[in-house]
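Residue numbers run from 1 in the order of the sequence given. Both backbone and side-chain heavy atoms feed into the values below; hydrogens, waters and symmetry mates do not.
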Amino acid sequence: NKRKMLAISVVLLCLFISTVLARRNIMLTFSNYILFSIILLLFNSRRSIPSKIFIFFIVLFFFLGAYFVFNKYQDNLFSRISGRIDDNTRDQIFSAFTSSMSTQDIIYGKGFYGTYYAPTIEEDVDYRTIIESGYLQTILKGGILNLGLFLLIALPAAYLGIMKSNNAIAQAAGFIIVLWLIDMFPWGMPALNIRYILVWICIGMCYSKEICNLSETEIKSSLKLFAK
């Protein structure tokens, strides 16, 4: 229980900091972590239906409280996100991207060092190597073929982890893959960092029949042995 409270506190703190700093894509990520964690916990809980309903209303009350706090302090503590919440900064970038991509570029991409012409986005930069969307970034470098291959690997892995596994760890791995696919709309850049490495670790876990077939009891026993 202490570890669960620590994990919850860390995620809530990250959500709070990203809200204060007006990092909308990070806010989406941590909000989804919280939402899907609640779904996973309620789905796997052995509590009675009334207990689950009670927990649901507690969570709902918490979100309502967070909403009222946000409204109360939106002009000072949360002034950054209040000013940016409806700010659309991507249309100009997407227009420049589509104008620079030929049909062949869209299919095959422009390679690892591929760029697109966007002279009005950044000062003294005419050709950009990054576009603020994981899906479009994948298309820029490797085309629809590259994106299609990634989805052919990721989507079945998420399905196996969520629907065909016997334990919450494999299900959580499947949800992390789904959340990455959602995060690729506003950001979700393929890069050599902890988040992207975690996604591929989760993909490997979901394809592992040995991990997916473990029961909760076997998982707990394995973790106890690992702790020793």
Can [Y] be reached from [X] by stepping across I, L, V, M, F, W or Y side chains whose heavy atoms are under 4.5 Å apart?
{"X": "Leu40", "Y": "Leu12", "answer": "yes"}
{"X": "Ile38", "Y": "Ile182", "answer": "yes"}
{"X": "Ile8", "Y": "Phe62", "answer": "yes"}
{"X": "Ile34", "Y": "Val59", "answer": "yes"}
{"X": "Ile53", "Y": "Leu41", "answer": "no"}

What's the separation between atom [atom1] in [X] and atom [atom2] in [Y], rounded to the nearest 0.5 Å?
{"X": "Ile197", "Y": "Cys202", "atom1": "CD1", "atom2": "SG", "answer": "12.0 Å"}
{"X": "Asn32", "Y": "Met27", "atom1": "CG", "atom2": "CE", "answer": "11.5 Å"}
{"X": "Ile201", "Y": "Cys206", "atom1": "CD1", "atom2": "SG", "answer": "12.0 Å"}
{"X": "Ile131", "Y": "Thr115", "atom1": "CD1", "atom2": "OG1", "answer": "12.0 Å"}

Hydrophobic side-chain clustering at under 4.5 Å (ILVMFWY, transitive links): who's grouped with [X]? Put none if nobody.
{"X": "Ile176", "answer": "Leu198"}
{"X": "Ile194", "answer": "none"}
{"X": "Val125", "answer": "none"}
{"X": "Met189", "answer": "Ile130, Trp187"}

Sequence neighbours excluded, every pair satisfying salt bridge (charged side-chain N to carboxylate O under 4.0 Å, His left out) that has a member inside residues 96-123: Glu122-Arg128
Pair listing, salt bridge (charged side-chain N to carboxylate O under 4.0 Å, His left out) test, anchored in residues 179-188, at least two apart: Asp183-Arg195
Atom CZ of Phe63: over 12 foreign heavy atoms under 6.0 Å: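 Yes, CZ of Phe63 has more than 12 neighbouring heavy atoms, counting only those of other groups under 6.0 Å.
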Exceeds 12 heavy-atom contacts within 6.0 angstrom, atom CZ of Phe94: yes
Please confirm whether the backbone N or O of [Y] pairs with a side-chain atom of [X], one donor and one acceptor, at under 3.5 Å?
{"X": "Ser99", "Y": "Ala96", "answer": "no"}
{"X": "Gln92", "Y": "Ile121", "answer": "no"}
{"X": "Ser100", "Y": "Phe97", "answer": "no"}

Taking only distance into account, with no hydrogens and no angle test, what donor-acceptor pairs under 3.5 Å do side-chain atoms of residues 144-165 form with protein atoms, sequence neighbours excluded?
from   : atom 1 : to     : atom 2 : distance (Å)
Ser165 : OG     : Gly161 : O      : 2.4

Give the minimum heavy-atom separation between [X] and [Y], together with the two atoms involved.
{"X": "Tyr116", "Y": "Glu132", "answer": "OH-OE1, 4.5 Å"}
{"X": "Thr138", "Y": "Met184", "answer": "OG1-CE, 4.1 Å"}
{"X": "Met101", "Y": "Leu140", "answer": "SD-CD1, 3.9 Å"}

Report the residues that fulfil ring pair (Phe, Tyr, Trp, His ring centres under 6.0 Å) with [X], sequence neighbours left out, ordered by chain and then residue number.
{"X": "Phe185", "answer": "Tyr135"}
{"X": "Phe54", "answer": "none"}
{"X": "Phe16", "answer": "none"}

All pairs passing side chain to side chain donor-acceptor pair (under 3.5 Å) where residues 167-180 contributes a residue, at least two apart: Asn44-Gln171
Sequence neighbours excluded - side chain to side chain donor-acceptor pair (under 3.5 Å) pairs with any residue from residues 197-209: Tyr196-Trp200
Cys14 and Val11: CA distance, side-chain angles, deciding distance, side chain to side chain contact (heavy atoms under 4.5 Å, CB included) verdict: CA-CA 5 Å; Cys14 292; Val11 174; 5.7 Å; no
Validation row: Arg24, Pro186 side chains within 4.5 angstrom (heavy atoms):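 Heavy-atom side-chain distance check fails, nothing below 4.5 Å.
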Non-hydrogen side-chain atoms of Ile169 and Glu216 separated by less than 4.5 Å: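 Not touching, per the 4.5 Å side-chain cut-off.
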Criterion side chain to side chain contact (heavy atoms under 4.5 Å, CB included) on Ile203 and Ile177, from CA distance to verdict: CA-CA 7 Å; Ile203 289 174; Ile177 298 170; 3.6 Å; yes
